[in-house]
Protein chains: 2
Amino acid sequence: MKKRLMARSVDTRERLLNAAESLLAERGIEATSMRAITSLARVNLAAVNYHFGSKEGLIVAVYARRLGPVNKERLALLAAAEGAGAKPVLNDVLRSYVAPVMHLIHDASRGGEVFMRLLGRSLYEPGDYLGQLFRDEVEPVLNTFTAALHRCLPQLSSEELFWRMHFGGGALAYTLAQIHRLEMLSKGACDPKDVEGVISRLVDFVAAGMQTGGQQVRTKKK
Amino acid sequence: MKKRLMARSVDTRERLLNAAESLLAERGIEATSMRAITSLARVNLAAVNYHFGSKEGLIVAVYARRLGPVNKERLALLAAAEGAGAKPVLNDVLRSYVAPVMHLIHDASRGGEVFMRLLGRSLYEPGDYLGQLFRDEVEPVLNTFTAALHRCLPQLSSEELFWRMHFGGGALAYTLAQIHRLEMLSKGACDPKDVEGVISRLVDFVAAGMQTGGQQVRTKKK
DNA sequence: CGCTTTTTCATACGCTTGTTTGATAGTATG
DNA sequence: CATACTATCAAACAAGCGTATGAAAAAGCG
């Protein structure tokens with residue numbers, strides 16, 4: 001209906017999204033003020049409320065802009081991996097989920113890297129801000145991958161599969177959130193710029209964890 | 001030197017620590033105001049600055065109170081596991097690190113459960129608040145466990161070990177942070193109250209990931 | 001051009017934030 | 001009892017917050 005008829009500056013909306021994205025990734029949601037955002041974006045304070053209605057509206061828009069493409073690519077890769085007809089390979093399924101979001105790091109000039117960190121953090125604190133966005137955007141994708149993983153690991157119960165996906169998700173989220181600090185934390189031992197290497201290591205780690213027979217005796221206590 | 005000579009009420013300090021702990025776990029640091037804390041603790045607003053100097057002082061005290069005992073127990077369990085003299089078993093080492101912090105959940109009446117969640121979140125955003133505390137309290141423990149793990153997995157390079165510890169740490173942190181929501185997220189499939197079960201599953205998962213041979217070709221790019 | 005719509009801007013509003021103050025009450029110690 | 005120290009309290013502080021307003025500027029369009 002009503003839409004952009006022109007662009008007064010180089011698009012205030014984009015500038016706001018980019019500025020918000022990087023500040024949110026660095027400081028978190030609550031610690032990032034609209035004045036900090038608008039000042040970094042070199043834009044008037046009122047622009048946020050004009051373009052996005054509220055601070056919350058801006059934040060949701062930051063996520064929505066990136067999440068859609070990533071999830072589309074995930075599903076495309078999964079379809080390709082399963083399209084072979086044969087039983088899908090676990091590593092390929094995991095890689096389909098991991099690679100698209102990891103590749104955001106290449107997108108540094110366009111802010112993808114910074115969003116990667118933001119996304120990693122958000123998985124830990126899905127406040128009320130993002131409830132609906134997550135239900136609409138990520139839950140369907142997660143369900144699709146759950147089914148695919150269950151096809152790779154038919155011997156696992158739903159409960160067991162859920163736990164292992166949870167652990168794997170934690171490893172992924174932590175990596176997304178911390179990758180920019182890893183070189184420092186490891187005292188130079190790790191090279192996070194080797195993205196393909198990181199993806200392979202993570203996928204191998206999670207695949208092994210998912211396939212383990214374990215030595216546990218699972219006596220579920222009532 | 002100077003210390004508590006009496007306790008006017010039932011110890012304002014404890015009440016503040018408990019109130020802060022639960023609010024921080026629920027809402028995060030920035031979103032928790034001192035007025036919310038003092039009101040929950042039924043204590044005067046100025047008490048925070050009197051007893052802890054500042055909001056930051058209170059927060060650091062919240063962590064310090066729990067972190068010390070947990071890390072002591074970790075080291076004790078590790079010593080017991082390695083004391084056998086023989087080469088330590090990977091699962092035992094991992095369990096020594098995981099079990100003490102997971103057992104905080106039993107401590108619900110004394111706020112341990114709520115701290116568990118707070119700790120999980122904090123691992124994602126170690127802001128400047130906790131820098132020194134982490135350097136003093138957790139880094140030495142982490143180094144001890146790194147050495148023990150390297151003894152279990154001598155075939156791994158330092159780099160490879162670091163990556164796998166990182167992934168495992170992510171799985172742990174995520175579990176700590178989300179355990180109170182897991183029953184809901186899994187639509188009832190998971191029972192997070194079976195703490196020993198959760199520990200076993202997590203330890204098995206991480207142990208498998210750490211031991212994987214992988215099928216990767218690691219051509220580190222310059 | 002003139003008219004309308006979209007966008008920018010400076011400014012201000014009401015509210016909450018963490019911290020400080022100075023008075024007051026309680027307890028210990030000489 | 002008197003003195004000193006510890007603790008609590010109500011009130012106020014400046015600063016920052018997200019949001020709203022109304023006018024000015026820019027752009028589309030006949």
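A, B, ... follow the sequence lines: proteins, then strands. Residue 1 opens every chain.
- For the pair Arg201(A) and Glu159(B), the salt-bridge criterion is met [side-chain N within less than 4.0 Å of a carboxylate O].
- When heavy atoms are screened at a 4.0 angstrom cut-off, Ala46(B) is found touching base atoms of the nucleic acid.
- Atoms NZ (Lys55(A)) and P (dA20(D)) sit 15 Å apart, rounded to a whole Å.
- Taking the centre and axis of the six-membered ring of Tyr97(B), the NZ or CZ atom of Arg74(B) falls inside the cone set by 45° and 6.0 Å.
- Rounded to whole angstrom, the span from the CD atom of Glu14(A) across to the C1' atom of dT7(C) amounts to 16 Å.
- Here the nucleotide nearest the side chain of Leu45(A), chosen from dT8(D), dA12(C), dA10(C), is dA12(C).
- Whole-Å rounding puts the Glu30(B) CD to dT16(C) P distance at 18 Å.
- Taking every side-chain heavy atom of Tyr50(A) into account, dT8(C) is the closest of dT8(C), dT19(D), dC9(C).
- Of the N and O atoms on the side chains of Arg135(B) and Gln132(B), not one donor lies less than 3.5 Å from an acceptor on the other residue.
- In this structure, Arg13(A) places its CZ atom 13 Å from C1' of dT6(C), rounding to the nearest Å.
- Taking a 4.0 Å limit (strictly below) on heavy-atom distances, residues 34-42 of chain B reaches DNA chain C at Met34(B), Arg35(B).
- Under the side-chain contact (heavy atoms from CB on, under 4.5 Å) test applied with Leu94(A), the options Val206(A), Asp204(A), Leu172(A) reduce to a single match, Val206(A).
- Nearest to the side chain of Ser33(A), among dC17(D), dC9(C), dA10(D), sits dC17(D).
- The side chain of His51(B) approaches dA7(D) more closely than any other nucleotide in the set dC9(D), dC9(C), dA7(D).
- Regarding Ile59(A), its CD1 atom lies at a distance of 13 Å from the C1' atom of dC17(D), rounded to whole Å.
- Under the 4.0 Å criterion applied to side-chain N and carboxylate O atoms, Arg65(B) and Glu14(B) are assigned as salt-bridge partners.
- The side chain of Ser54(B) approaches dT19(C) more closely than any other nucleotide in the set dT8(D), dA10(C), dT19(C).
- The closest donor-acceptor contact from the side chain of Lys55(B) to the backbone of Thr32(B) lies under 3.5 Å.
- Rounded to an integer number of Å, the gap from CD1 of Ile29(A) to C1' of dG18(D) is 15 Å.
- A sub-4.0 Å separation between OP1 or OP2 of dA10(C) and a side-chain N or O of Asn44(A) is present.
- Atoms CG (Asn49(A)) and P (dG22(D)) sit 15 Å apart, rounded to a whole Å.
- Here dT7(C) is the nucleotide among dT7(C), dT8(D), dT19(C) with the atom lying nearest to any side-chain atom of Thr12(A).
- Both tests pass for Arg13(B) against the ring of Phe52(B): distance under 6.0 Å to the centre and angle within 45° of the axis.
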